[in-house]
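Have a look at the structure below, then the notes.
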Amino acid sequence: MNLNTSKMAILVIAFLAGGPLQAEESLAIRNCTWCHGSSAQGLSTAPRLAGQRDQYIQNQLLSFSEHLRDNPLSQQYMWPATAHLSPQAAHDLSAYFSALPPVPANDGDPELAAAGRAIYDEGIADSDVSACVVCHGPNAEGVRGIPRLGGLSYPYLKRRLEQWGEGFHAAAAPMPQIAGRLSPNQIDALASYLSFIGYESLE
Ligand code: HEC
Ligand code: HEC
């Protein structure tokens, strides 16, 4: 075998084995999953990405890189994580994570779930809070740029709803206005209810 054919043989073997391209791709995914958990189900303060809406993930990656999503944990972790992310990589990672099956966190207070469900389905007329179901869907599954909420973790949901009321991520219309009208008890109830919505709700 001369030099050229042995080089060719190595390339063919690398190609058949899924080679360097696949290694690069899994490295890109690991850049996210070391924080978001190995199957992207969420870990510590990093939320679940598995099963989240493709378009919503892409929108969030853009709002981190443009520093519009400006709460402290986003600044600390996601601004650096998106600083050098190409549009193509953001597109591919969003498609990858949205296709993974989501597992519900089930970590809210079960006794508050019924109160949370009532707000989710009907809104709160007295404080002019729209029913969440209108946008997020009957099973909190989301659509396009509207996120799936079902099965996200209680502390994450609670923090998101609180931080809009504190003025963070003001560009996330219509949520700052809606969440700003919720009391701490109502936030607890909603975050509890949503944490229990699971697989059977997948459309
Ligand atoms: C160093 C840890 C860390 C790394 C690395 C990281 N993340 Fe995050 N990510 C977080 C934290 C923490 C949050 C929660 C921010 C908040 O509370 O608003 C977050 C939030 C997100 C969100 C918002 C989810 C939602 O439901 O709104 C998306 C999307 C996201 N990350 C995608 C990624 C992708 C894609 C990568 C890899 C390119 C990545 N993250 C790398 C820690 C990290
Ligand atoms: C008019 C439509 C609409 C209504 C009504 C609505 N939402 Fe949203 N919600 C959105 C959109 C759009 C986003 C994404 C905003 C962005 O791009 O950052 C969102 C984002 C969220 C998020 C962020 C999820 C994540 O992964 O970080 C939470 C939590 C949330 N909504 C909870 C609620 C709750 C609870 C209610 C009811 C009290 C509600 N929403 C009512 C449209 C709506």
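One-based numbering, in listed order, for ligands and for the atoms of each. For reference, positions follow the sequence shown, starting with 1.
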* Using a 4.0 Å heavy-atom threshold (strictly under), name the region of C32 that reaches ligand 1: side chain, backbone, both or neither. =>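 It is both parts that get close, each with some atom under 4.0 Å.
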
* Asked: What part of R48 sits under 4.0 Å from ligand 1 if we count only heavy atoms: the side chain, the backbone, both or neither?
  ->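 Neither; nothing of R48 gets under 4.0 Å from ligand 1.
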
* Step through the shown structure and confirm whether more than 12 heavy atoms of other residues, nucleotides or ligands are within 6.0 Å of CD on Q177. =>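 12 or below, so no.
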
Evaluate [X] for polar contact with ligand 2, using N/O atom pairs at a separation under 3.5 Å.
X	result
S130	no
R160	yes
Y156	yes

* To do: Answer yes or no for H36: is there an N/O/S atom below the 2.8 Å cut-off from atom 8 (Fe) of ligand 1?
  =>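 So H36 counts as coordinating atom 8 (Fe) of ligand 1, yes.
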
* Hey, is ligand 1 close enough to Q163 that some N/O pair sits below 3.5 Å? ->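 In fact, backbone or side chain, Q163 has no N or O that close.
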
* Could you tell me whether ligand 1 has any atom less than 4.0 Å away from a heavy atom of R69? =>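 So R69 counts as touching ligand 1.
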
* Among all protein non-hydrogen atoms, which one is nearest to atom 17 (O) of ligand 2, and what is the separation to 0.1 Å? ->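 Closest protein heavy atom to atom 17 (O) of ligand 2: Q60 NE2, 3.4 Å.
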
Atom indices of ligand 2, in the order listed, that fall short of 4.0 Å to a heavy atom of [X]:
X	value
G145	14 (C)
L149	22 (C), 24 (C), 28 (C), 29 (C), 30 (C), 32 (C), 33 (C)
A131	5 (C)
I178	4 (C), 5 (C), 6 (C), 38 (C), 41 (C)
L152	26 (O)

Where the closest heavy atom to [atom] is concerned, which of [options] has it?
atom	options	result
atom 5 (C) of ligand 1	T82, N31, D70	N31
atom 11 (C) of ligand 2	C135, G123, S63, P174	P174
atom 14 (C) of ligand 2	A172, A140, P147, A191	P147

* For the pair Y120 and H136, name the ring-plane relationship: parallel under 30°, tilted 30 to 60°, perpendicular over 60°. =>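 It falls in the tilted class, 30° to 60°.
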
* Asked: Under 4.0 Å from any heavy atom of I57, which atoms of ligand 1 are there?
  ->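 Answer for ligand 1: 29 (C).
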
